[in-house]
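Here is the naming used below: chain letters follow the sequence lines, and residue numbers restart at 1 for every chain.
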Amino acid sequence: MIWNYLRIAYRNARKNKVIAGINIFGLALGVAACMLIATYVLHETSYDSWVPENDRIFRMYAAYKQDGEILKGTHFSANTAITVNQDFDEVMAAGRFMDNELFDGAGENNIRWDGDQNQHREDGFSYADQELITMLGVPMVYGENATALASPKTIVLSKSKSEKYFGKTNPIGKTLYLNSNDEDPYTISGVMEDFPSNSHLNYDFLITLTDVEFGEGEQTRWFQNNYFTYVQLKPNVDYTALEERVSRRIVGDYMAPAFVEAGYQQPGELERTLDLKLQPLANIHLHSGEISDTYTRGDIRFVWLFSIVGGLILLIAGINFINLSTARSANRAKEVGMRKVLGSHRKELIGQFLSESVLITLVAFVVGAALAQAVLPFFNQMVDQELVLPLASPLFLAVLIASALLVGLLAGGYPALYLSRFKPITVFSGGRSEGSGSSKLRSGLVVFQFAISIVLIAFTLVAHRQFNFMLDREVGYDRQQVIQLSSTDVLGDQVTTYRDEIQKISGVAAASISDYLPLSDTKRNGNTFYSEGKTEADNGTAGQAWVVDRFYLETLGLELVEGRNFPDQIPEGQNYTIVNEEMVSKLGLESPIGKKIQRGDRKDEIIGVVKDFEYFLYSDDKTYPLALFPGISSTLMSVKVDGQNIAQTLAALEETWDAFGAKMNFEYSFMDESFAQMYAQVERVRTLFSGFAILAIFIACLGLFALSAFMVERRQKEMSIRKVLGASGQNLFGLLTRQFLILNLIALLIGIPIAIYFMREWLQDYSHRIAISWDVFAIAAMIGLAFTLATISYHALRTVFANPMDSLRDE
Amino acid sequence: MINLQHIERYYRAGLAKNWVLRDVSIEIQEGEFVTIMGPSGSGKSTLLNIIGMLDTPDRGGYEFLDEPVHKFKERRRTELHKHYIGFVFQAYHLIDELTVYENIETPLLYRKIKGSERKAMVANILDEFNIVAKKDLFPHQLSGGQQQLVGVARAIIGKPKLLLADEPTGNLHSSQGEMIMDLFKQLHTDGMTILQVTHSEKNAKYGTRVIEIEDGYIRKDYAPTDG
Ligand SMILES: Nc1ncnc2c1ncn2[C@@H]1O[C@H](COP(=O)(O)OP(=O)(O)OP(=O)(O)O)[C@@H](O)[C@H]1O
Ligand SMILES: [Mg+2]
């Protein structure tokens, strides 16, 4: 029986090649998109699941209440991990990472292997505790996971870096020098597998923290916060209850007394403003939106966005399927009637229709899987991942086949039941063979598709505008024609001479030495500032302390609103600072020039106030308090050039660089490009989203195209009669398209409020956002109407120009 | 008004040709009431369709109002259908989606006749044909004869100059048939040119001229003897 069904199904598909083709192709596109999205979503949600005991491992974070806001940070003092481990039985182990670039060895380094003359620039250095690699179960290629970082001055490299420098040989025991510091060698003690792509960590070099102290008393002080702290709990510990006790103990018994003793805070103050929390390891990637840990993490909102878009695409494709099947049912009514007269049972008819729909769905899924595989490289490039479709996994195949069957049964179910209910007599009497029920359902589904399309179009437009707005808006500094030179620290003491030298080059307007730049991924720190003399009653304000030279303002085009720039020579015994407006307002300084601000024991006199500019401290782009201090922070140099002949200016810069005998290649980047780079993720999401939106609309159009073929075919005879009665081409075209245009308008009315709602929600997450203007909807409506008209015109026009006798001569 | 010269019409059946009309030449003046007769399959409907410009001959010339039809643009043809020619189809060809009332009203819509006037005209004809009670029914709810009546009503409501009626009474019982034929005669007296296809000698006598057709050839062309 089933073979008989399939044979007829196959024959039917061949007979309606175009329709079957559209059905299969549309569904295949939907399936391909869904598979890619599912793979992406699975990857995003699988972060850190590779860690064997990830459900018992937590990252600590601190939640500060400040000015009615809660700031969440992940940096702790060195002794926090040790103390938590000692004081709580439930804690099995605690370990730390320290990757703050302020400290030599972390972040980027110039490295040299013993026996090699050349320096190499490498990024991805972090200090780490032995406990941490044990806790995470980091798999090792060479060396022991349990002991690799136990001894002082040891370093573990990733497999890829090991292969880069040592090929397939075991490098354990080799010596490494950092930043030309030849008296201070490190020994390779292990090679670890690269952190997998679904790891929130991505270091290539781990330096042991054993016996490390960054300055006198750093390991025991409570207010020098540079360490990411992870804890592993014993089995069956309720972490939410534990985090409260940890918070009370660590803040109340250790931190608060230390802060009061140092004069930073009033008794009782810290307990009220600070909570310590535990974040499950698996949540770090997607749920760290409000936690600032200096890394760009994934975003659960994007995961949701794409899941929804994927679902919508499949829905649109499924709607096509249902619509085409019910539409076709009108044309197959006679067949069904005949079969019934010939004694076919309802059950058999249902079987026939269902097997047809399942057959088409299965073919579509196979084609879809092939399509997904084919575009995977392209997709990977877009999401910046190396995803693999798990096509060989039996589970995946099972899910695939099951969902194909499900979609086939669902999409074929309604038409099957509907068609099999036809009464032969109504079919043969030549009446209105189509139940109005099915055409209502179809209209409803078409409206739904249109509405989704309108929402997607409007959303794409708004996202596009928002993104352009973010890239083009005023941020308070001038990033055009600014070039950053990297590794300028290799010049050593010569760095200022180099700066002064290149300022003489004719194309150079200004040059400044500073690692602190208004770009993400440049140096940051954390300090608490007080205004002088108010330390006792005052909580101060958290802010950045940046070391810059006196050309900084000029090079970045920063505007002084009051006071003056740093002078050539700072007079002996004077401490000067330039602060931003936010600092002035947070400290409540009335006329700030000449006032002093205090941090720790230091007091600095404000000689200038710089207009607020955005400097990307957190993933938001708000402005936070900032103080500039004169000095040299020498890894990066910024050069403002005139726009005339940049190539020539660059050549001159490089020539001078070589003349200084630098042992590194001359490397530079353009500030406006680095700025755009910070929005790479937003950009990616936008591109992907637009791509999927267009795909969804395309699939909807495919369905509409086939559907209009049916509708028009069904009305062919009516159109011919009308033509004979004197209807003009416009009359007929209007009649044929009116129905779709009405559906389109209804969809518009439904879609626009939904679009407004979602766009508002979405834009809410951007502190600098565009207003939603009405023309977005005008454009979306026009695009929607244009697509609809273009899609249905083909068949409508064919009918209009057809010879009426072709359809009237049926008797 | 109508001038057919050596019209040929055939259908291809494989390599062979199935001739439907062969060397048909007819001239019809304005104001004539012509009956076309002949056995089933002899080509009557085909001839009527060609005259009504729904079908094109494979060979031969056709002038309508002294203009060659093959040069007509789509627009001109639409104009003629709208204002000049009325059709009664052998298979009725009512619009399934419209009610009786709406079917009859349709040609008036294309002539842009005002609402109130339109209403009056439709009401009149419904009354005349005795189908007022059926006005809100859909075609499939009517008997064959009733559908035929609606088809005739729709064809003449716009008072066309030329009426092409393919077996307009084939499905009607005799009193209804007589009513239609009396109506045609009246319309003819008022100046309408009429071409009808019929199998009935009796109906032929209402007209002024009979053309007999067989195997696609015109066999006879004569004035009916009044009974
Ligand atoms: N589309 C077509 N393809 C092939 N042959 C056709 C087609 N239309 C009509 N014919 C043939 O042309 C011939 C004449 O048909 P036509 O409908 O003109 O006959 P008729 O005289 O009106 O017959 P009736 O009295 O039964 O209505 C018939 O033999 C018919 O089979
Ligand atoms: Mg006929």
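Look at B/Glu67 and B/Arg76 and you find a salt bridge, because one of the NZ, NE, NH1 or NH2 atoms lies within 4.0 Å of a carboxylate O, short of that distance.
Residue B/Pro139: no heavy atom, backbone or side chain, is found under 4.5 Å from chain A. When heavy atoms are compared at a cutoff of 4.5 Å, A/Arg722 approaches chain B by way of both its backbone and its side chain. With a 4.5 Å cut-off on non-hydrogen atoms, B/Arg75 does not touch chain A at all. There is no contact between B/Tyr84 and chain A, counting heavy-atom distances below 4.5 Å. Of the two parts of B/Glu74, only the side chain, counted from C-beta on, holds a non-hydrogen atom closer than 4.5 Å to a non-hydrogen atom of chain A. Residue contact with chain A, scored on non-hydrogen atoms closer than 4.5 Å, is absent for B/Leu80.
Inspection of the A/Asn320 and A/Gln449 side chains reveals an N or O donor paired with an N or O acceptor under 3.5 Å. At a cut-off of 3.5 Å, with distance as the only test, no side-chain donor of B/Asp136 or B/Thr99 sits close to an acceptor on the other residue.
Annotation: A/Phe450 is not in aromatic contact with A/Phe448 [ring centroid separation under 6.0 Å not met].
Taking B/His83, B/His81, B/Lys82 one by one and counting their heavy-atom pairs under 4.5 Å with chain A, the maximum is reached by B/His81.
No option in A/Leu27, A/Ile316, A/Ile22 other than A/Ile316 meets the side chain to side chain contact (heavy atoms under 4.5 Å, CB included) test with A/Ile699.
The cationic atom of B/Lys17 (NZ for Lys, CZ for Arg) lies less than 6.0 Å from the six-membered ring centre of B/Tyr10 and within 45° of the ring axis.
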